[in-house]
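Single-structure report; data block below.
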Number of protein chains: 2
Amino acid sequence: MTDIDAPSAPRISAQRADAQRNKQTLLDVAAALFVTSGVEVSVREIAAQAGVGIGTVYRHFPTRADLIIAVYRHQVETCAEAGPVLLARYASPYAALAEWIQLFVDFLATKHGLADVMQPGDPSFDALHRHLLDRLAPVCTAFLDAAVEAGEIRPGIQAYELMRGVGNLCIGAGTDPHYDARRLVDLLIAGLRRVNPHAQVDTGDEPRGEEVCNRPFQSRGNRHPLISRKRG
Amino acid sequence: MTDIDAPSAPRISAQRADAQRNKQTLLDVAAALFVTSGVEVSVREIAAQAGVGIGTVYRHFPTRADLIIAVYRHQVETCAEAGPVLLARYASPYAALAEWIQLFVDFLATKHGLADVMQPGDPSFDALHRHLLDRLAPVCTAFLDAAVEAGEIRPGIQAYELMRGVGNLCIGAGTDPHYDARRLVDLLIAGLRRVNPHAQVDTGDEPRGEEVCNRPFQSRGNRHPLISRKRG
DNA sequence: TTGACAAACGGAACACTGTTCCGTAATGTA
DNA sequence: TACATTACGGAACAGTGTTCCGTTTGTCAA
């Protein structure tokens, strides 16, 4: 996952011409196939479309995930760089955050299956997962810190968690007309909001109904033994 | 996917004794393996642990998803039946909804990888996906309708969409200590809330900052050409 | 131009899925 | 006990990502 783009210690020449050509072809073909068939296209199909052998793919991209990362590297970078710009443009850090999150959602939701594969667990895609979060979570943290300081949102939510939540909400977007990821992300971001900026924080016990909107967020663990481990 | 539990037209006898025994063993073994290894365990491993051949697994459960559905059928049923009970118990439909959603989250989040696999797309798991949503979405609709009528939440959100969103947020829960699905679901549910129950609905153009919390939800499509289809 | 050699290629092979198929074995009835 | 039916077991199939290694090719020095 490290330095896929950079030439590795040019001993004689930078890189053989055919290697450069093949790598570029692979990136182009993969980008095109990701659009038409989703990021789940098999390595074999990418290789075939590019007119190279499977071994060539793995020579340039040690893992399928590395190829995906390389294809979307620029877009992730663009999204990350938009962070400070938006933060400076808006008087309200919350508004800037909402705008930036939409940027991220638009990126994820328009790539078939990208969000599906961005989840951790599958060790093969951990690299992809880490790359996106390592690059974007710090940007998000800036938004959150500013918004908390301005009293616009409740404290206690971490950027990593929020980004993963947004990413998860994007799963399946574009394949199901009855599922609108953007709408749900809006819901999530709205839930972040501290309704009355200078209200007293509610630190009482189990929150109910009316007060649910204004307390800070903390983990609470399982509270419902109603459904326990038991087979049907 | 239809009537896995029910005996299929008992012509001579209900079912052979060894078949009954094997089916029960498979359900028990699968339930145990789902807890220890997650729902991703291979069919071969389940068969081996149960001491039967692979063919036997597929005889009783035409698909891996069918086995998963069968294992969790009772719990899904319990969750569905809890709906009306909670709705009757709380004066606030919103509070009841919040409680019920937590029930659902507790169910999903404690099953390794169940949420991961509940997403559509993979045709093999469409059955699982449909089963959960078909059973639970109507229950959720009752909550939402009541809450909207009581003026507690904004209209415009569909039960199917909300359930899928909650399900998506549960993906990866339990495998990552830095990701708390419950906290994010709380955020999502909080975002549902109409802050001032009898406030005028904001129907202005692009909402910003302060007013973002009280408008109804509608799809808005892509609005950010900043990140477009282009390779890195 | 030619030789030499590292770099790159291609694709068979491996390990792993879920699923199908069919010859064989066990079961319950007459 | 004889027999029809039901169920079993596991090899085989189609698919995946990845590894490995014999062969080809590009490049630079002589």
Side-chain angles (χ1 to χ4, degrees), chain A residues 1 4 7-26 29-30 33-34 37-69 113 116-117 121-128, chain B residues 1 4 7-26 29-30 33-34 37-69 113 116-117 121-128:
Chain A
M1 231 54 37
I4 286 174
S8 53
R11 259 187 5 113
I12 304 179
S13 79
Q15 194 180 29
R16 257 170 56 172
D18 55 345
Q20 283 185 331
R21 219 183 318 121
N22 280 333
K23 182 169 184 175
Q24 193 54 54
T25 304
L26 278 171
V29 165
L33 282 176
F34 288 172
S37 311
V39 295
E40 313 91 344
V41 281
S42 67
V43 178
R44 276 170 184 78
E45 182 153 345
I46 295 172
Q49 286 282 330
V52 302
I54 302 168
T56 302
V57 179
Y58 280 92
R59 160 160 292 268
H60 292 294
F61 307 100
T63 269
R64 229 180 74 93
D66 291 312
L67 176 55
I68 299 176
I69 292 175
D116 308 41
V117 114
D122 188 345
S124 157
F125 285 106
D126 258 18
L128 177 57
Chain B
M1 227 50 36
I4 286 174
S8 54
R11 254 181 19 107
I12 302 182
S13 79
Q15 195 179 28
R16 252 171 61 173
D18 55 346
Q20 283 186 331
R21 219 182 318 121
N22 280 332
K23 181 170 185 175
Q24 192 56 51
T25 303
L26 278 171
V29 165
L33 282 177
F34 288 171
S37 311
V39 295
E40 313 90 345
V41 281
S42 68
V43 177
R44 275 172 184 76
E45 183 153 344
I46 296 172
Q49 286 281 331
V52 302
I54 303 168
T56 302
V57 179
Y58 280 93
R59 160 160 292 270
H60 293 294
F61 308 100
T63 270
R64 230 181 75 92
D66 293 311
L67 176 54
I68 299 176
I69 292 175
D116 308 43
V117 111
D122 187 346
S124 158
F125 285 107
D126 258 17
L128 177 57

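So that the names make sense, note that chain A is the first sequence line, chain B the second, and so on, each numbered from 1.
Residue Asn22(B) contributes atom CG, which lies 13 Å from atom P of dA26(C) at whole-angstrom precision. Across the protein-nucleic acid pair, Arg44(B) atom CZ and dA11(D) atom C1' stand 10 Å apart, rounded to whole Å. The interatomic distance linking Glu40(A) (CD) with dG17(D) (C1') rounds to 15 Å, in whole Å. If you take CZ of Arg21(B) and C1' of dC8(D), they are 12 Å apart, rounded to a whole angstrom. In this structure, the CD atom of Gln20(A) is 13 Å from the C1' atom of dA7(C), given to the nearest Å. One interatomic measurement links the two molecules: CD1 of Ile46(A) to P of dT18(D), which rounds to 11 Å at whole-angstrom precision. Atoms CZ (Phe61(A)) and P (dT18(D)) sit 13 Å apart, rounded to a whole Å. Taking atom NE2 on His60(B) and atom P on dG9(D), their separation rounds to 9 Å, with Å as the unit.
Taking each heavy atom of Val52(B) and Asn22(B) in turn, the nearest pair found is CG1-OD1, 3.5 Å.
Of all nucleotides listed (dT17(C), dT19(C), dT18(D)), dT18(D) comes nearest to the side chain of Val43(A). For Thr63(A), whose side chain is taken as the heavy atoms from C-beta onward, the closest listed nucleotide among dT18(D), dT16(D), dT19(C) is dT18(D). Proximity note for Asp18(B) (side chain, C-beta onward) versus dC8(D), dG10(C), dT16(D): the nearest is dC8(D). Side chain of Ile54(B), nearest nucleotide from dC8(D), dC9(C), dA11(D): dA11(D).
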So Tyr58(B) and Thr63(B), side-chain contact (heavy atoms from CB on, under 4.5 Å) or not? Walk me through it. CA-CA 6 Å; Tyr58(B) 280 93; Thr63(B) 270; 5.6 Å; no
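In terms of modelled atom types and a separation under 3.5 Å, the side chain of Arg64(A) and the main chain of Val39(A) share a donor-acceptor contact. Judged by distance alone, the side chain of Thr25(B) and the main-chain N or O of Arg21(B) form a donor-acceptor pair under 3.5 Å.
With sequence neighbours excluded, the residues that form a side-chain contact (heavy atoms from CB on, under 4.5 Å) with Ala19(B) are Gln15(B), Arg16(B), His60(B). For the side-chain contact (heavy atoms from CB on, under 4.5 Å) test, residues two or more places apart in sequence or in another chain that qualify with Glu45(A) are Leu33(A), Ser42(A), Gln49(A).
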Pairwise N/O distances under 3.5 Å, protein to nucleotides 21-25 of chain C:
none

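The phosphate of dG10(C) has OP1 or OP2 within less than 4.0 Å of a side-chain N or O from Thr56(A).
As judged by a 4.0 angstrom heavy-atom cut-off over every strand, Ala47(A) is placed among residues making no nucleic acid contact.
A 4.5 Å side-chain heavy-atom check between Phe61(A) and Ile69(A) finds every atom pair outside the cut-off.
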